[in-house]
A.B. asks: 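Got a structure for you, written out below as structure tokens; questions coming shortly.
Convention: sequence-line order gives letters A, B, ...; per-chain numbering from 1. All values derive from a computational prediction rather than experimental measurement.
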Amino acid sequence: MKLYVYNTLSRSKEEFVPLTPGEIKMYVCGMTVYDLCHIGHGRCFVSFDLITRFLRYMGWKVTYVRNITDVDDKIIARAAERNESCEVLTERYIAAMQEDFASLGMLSPDMEPKATEHIAHIVTMIEQLIEKDYAYKAENGDVYYRVSHFAEYGKLSGKNPDELLAGARIEVEKLKEDPRDFVLWKAAAVDQVGWPTDLGYGRPGWHIECSAMSKDSVGETFDIHGGGEDLQFPHHENEIAQSEAANGCDFAKYWVHAGPLRIDGDKMSKSLNNFFTIQDVLAKYQSEVVRFFLISSHYRSPINYSEDNLREAQNGLERFYHAIRDVKAVELQDLNQSSAYDAFIAAMSDDFNSREAIAAMYELVNQINTAKVVGDMARAGLLVAELRGFGEILGVLQEDADKFLQAGSAEDLSEEIVEQLIADRAQAKLNRDYAKADKIRKDLMEKGVQLDDSREGTSWRRSS
RNA sequence: GGCGCGGUGGCAGAGUGGUCAUGCAGCGGACUGCAACUCCGUUAACGCCGGUUCGAUUCCGACCCGCGCCUCCA
């Protein structure tokens, strides 16, 4: 089946054809590590995790690179504020990021290059740009990119270079030849953060590190460049200008951008200070619920963060786990034997439409429940295995059903006590003492435990 | 102001030129000692105005509304 991907460069869905048959090189702009990741970051990187998982399932050999920007003015400012070194600060936030991302079910990228480990590559690239007249050194030692020399400037973000010029803010400094020019290298005093290099003592500007790291990790021309939608301009536009000018060839073939996460109608962002960290959210919801919430919309659509929507994601996952519960999954031969296979693959092959793929999985749930109703447990077992197989592609439904459904129950009740009360209630039911049986159930319900009777006995889960 | 994206039933959220999204919620029924879960049935939508068409929620145009980018941002 053909894969179609929306390419920001052409503003349309295109058939995906890798540069090298069977292989995909993907570079995604990662975090600038000066603070905890918020759930909007989670949304973005879960999207690329989902894309990577699906591409691999389809048999491509994917090299997934997600960089870490660990030198930057905000990092320097924050470190100064906290009276600690940049290294200590960034290491702490990198560790937190790894933990948060793992909680959201993300697989590790194949490479996570750091800007500070690529200073030499950055300097080399800047020197090439100067040599080719695409960059110039200003009086104070800064190096700027000469936007007027790059004819295709604006091709990704759809900006008209002349209008950018007209709309550019008046620069106070007279260092630039042109207000659109952006900094490649910032000269610094020796007591400031920086590196001694052939360009002088200083540090890289914001965009150049991605040009250097992508070249080092996936090459001069590669298949997919990803990132948040808000990076289209200026970051990605500038990356294109730098890389194509320095390397003299095309940069990324497909540009994939993840949509924003909104809260109360606005984009969640650091600058609006309207964000919840991933840790904030995980304190309230199971990690799988959060991931399921994030993949329940198409990756390019804005999604709204709200209690209601998280709750809905939880309800949806509970429906899946109720179906899985009490069914012994069989060993699965081929996922492509599943009745949901075509719909699922078609959905995911159409620009990674996870929501529609999930709809196909719900149809499987209905079949599982029907099989359970008629007592065809062999069939149920097969269908559950299929369901889990699809779940694996999306990075969900790998949990034990009881574990998922019981998580977050009242903490002052041990499993033993619950089991004992269930036994007491079973005895009461045998004695036809329904008043007592109902009281036990009601008391447990008030403590957050819901009892479910079935032919096989009574099971329990967190009440919602 | 420039560029771009979107407005779908009570809510969330896909999709399509002419019978179904899907989930939650609602309603009716089954199951159950009563519930929950589940099953069966069912209600209900395509911002507004024109155009193309035998037929448009789907294509085209105008309008209204919301959002994003244009400055640090995933």
A.B. asks: Could you tell me if the ring centre of Phe222(A) sits under 6.0 Å from that of Phe251(A)?
C.D. replies: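 When the ring centroids of Phe222(A) and Phe251(A) are compared, they turn out to be within the sub-6.0 Å range.
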A.B. asks: Hey, can you pull the residues of residues 1-16 of chain A with a non-hydrogen atom under 4.0 angstrom from RNA chain B?
C.D. replies: Arg11(A)
A.B. asks: Taking RNA chain B as the partner, which of residues 342-354 of chain A come within under 4.0 angstrom of it by heavy atom?
C.D. replies: Asn353(A)
A.B. asks: Between residues 268-278 of chain A and RNA chain B, which residues have a heavy-atom gap below 4.0 Å?
C.D. replies: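 Heavy-atom cutoff 4.0 Å gives Met268(A), Ser269(A), Ser271(A).
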A.B. asks: Of all residues at least two apart in sequence or in a different chain, which pass the side chain to side chain donor-acceptor pair (under 3.5 Å) check with Glu15(A)?
C.D. replies: none
A.B. asks: Please examine the side chains of Val290(A) and Leu294(A), heavy atoms only from C-beta on, and report whether any two atoms are closer than 4.5 Å.
C.D. replies: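 Heavy-atom side-chain distance check passes, below 4.5 Å.
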A.B. asks: Compare the minimum distances between each of rA74(B), rC34(B), rA21(B) and the side chain of Ala359(A), then state the nucleotide with the smallest one.
C.D. replies: rA21(B)
A.B. asks: Checking the side chain of Asp223(A) only, and the main-chain atoms of Lys25(A) only, is there a donor and an acceptor separated by less than 3.5 Å?
C.D. replies: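 Between the backbone of Lys25(A) and the side chain of Asp223(A) there is a qualifying donor-acceptor contact (under 3.5 Å).
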A.B. asks: For a ring-ring contact (aromatic ring centres under 6.0 Å, His included) with His235(A), tell me which candidate from His225(A), His207(A), His257(A) qualifies.
C.D. replies: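 In the set His225(A), His207(A), His257(A), the residue that makes a ring-ring contact (aromatic ring centres under 6.0 Å, His included) with His235(A) is His207(A).
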A.B. asks: Each nucleotide in nucleotides 36-45 of chain B should get exactly one letter: B, S or -. Can you fill that in based on protein heavy atoms under 4.0 Å?
C.D. replies: BSSSS-----
A.B. asks: Which pairs, with at least one residue in residues 42-53 of chain A and sequence neighbours excluded, count as a side chain to side chain donor-acceptor pair (under 3.5 Å)?
C.D. replies: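 Checked against side chain to side chain donor-acceptor pair (under 3.5 Å) - neighbours excluded - the pairs reaching residues 42-53 of chain A are Asp49(A)-Arg53(A), Asp49(A)-Arg291(A).
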A.B. asks: May I ask you to check whether Tyr362(A) and Phe320(A) place their ring centers less than 6.0 Å from one another?
C.D. replies: yes
A.B. asks: Between rA21(B), rC34(B), rA14(B), which one does the side chain of His298(A) approach most closely?
C.D. replies: rA14(B)
A.B. asks: Would you say the base of rC69(B) and the side-chain of Lys159(A) have a donor-acceptor pair closer than 3.5 Å?
C.D. replies: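 Answer yes: a donor N or O sits under 3.5 Å from an acceptor.
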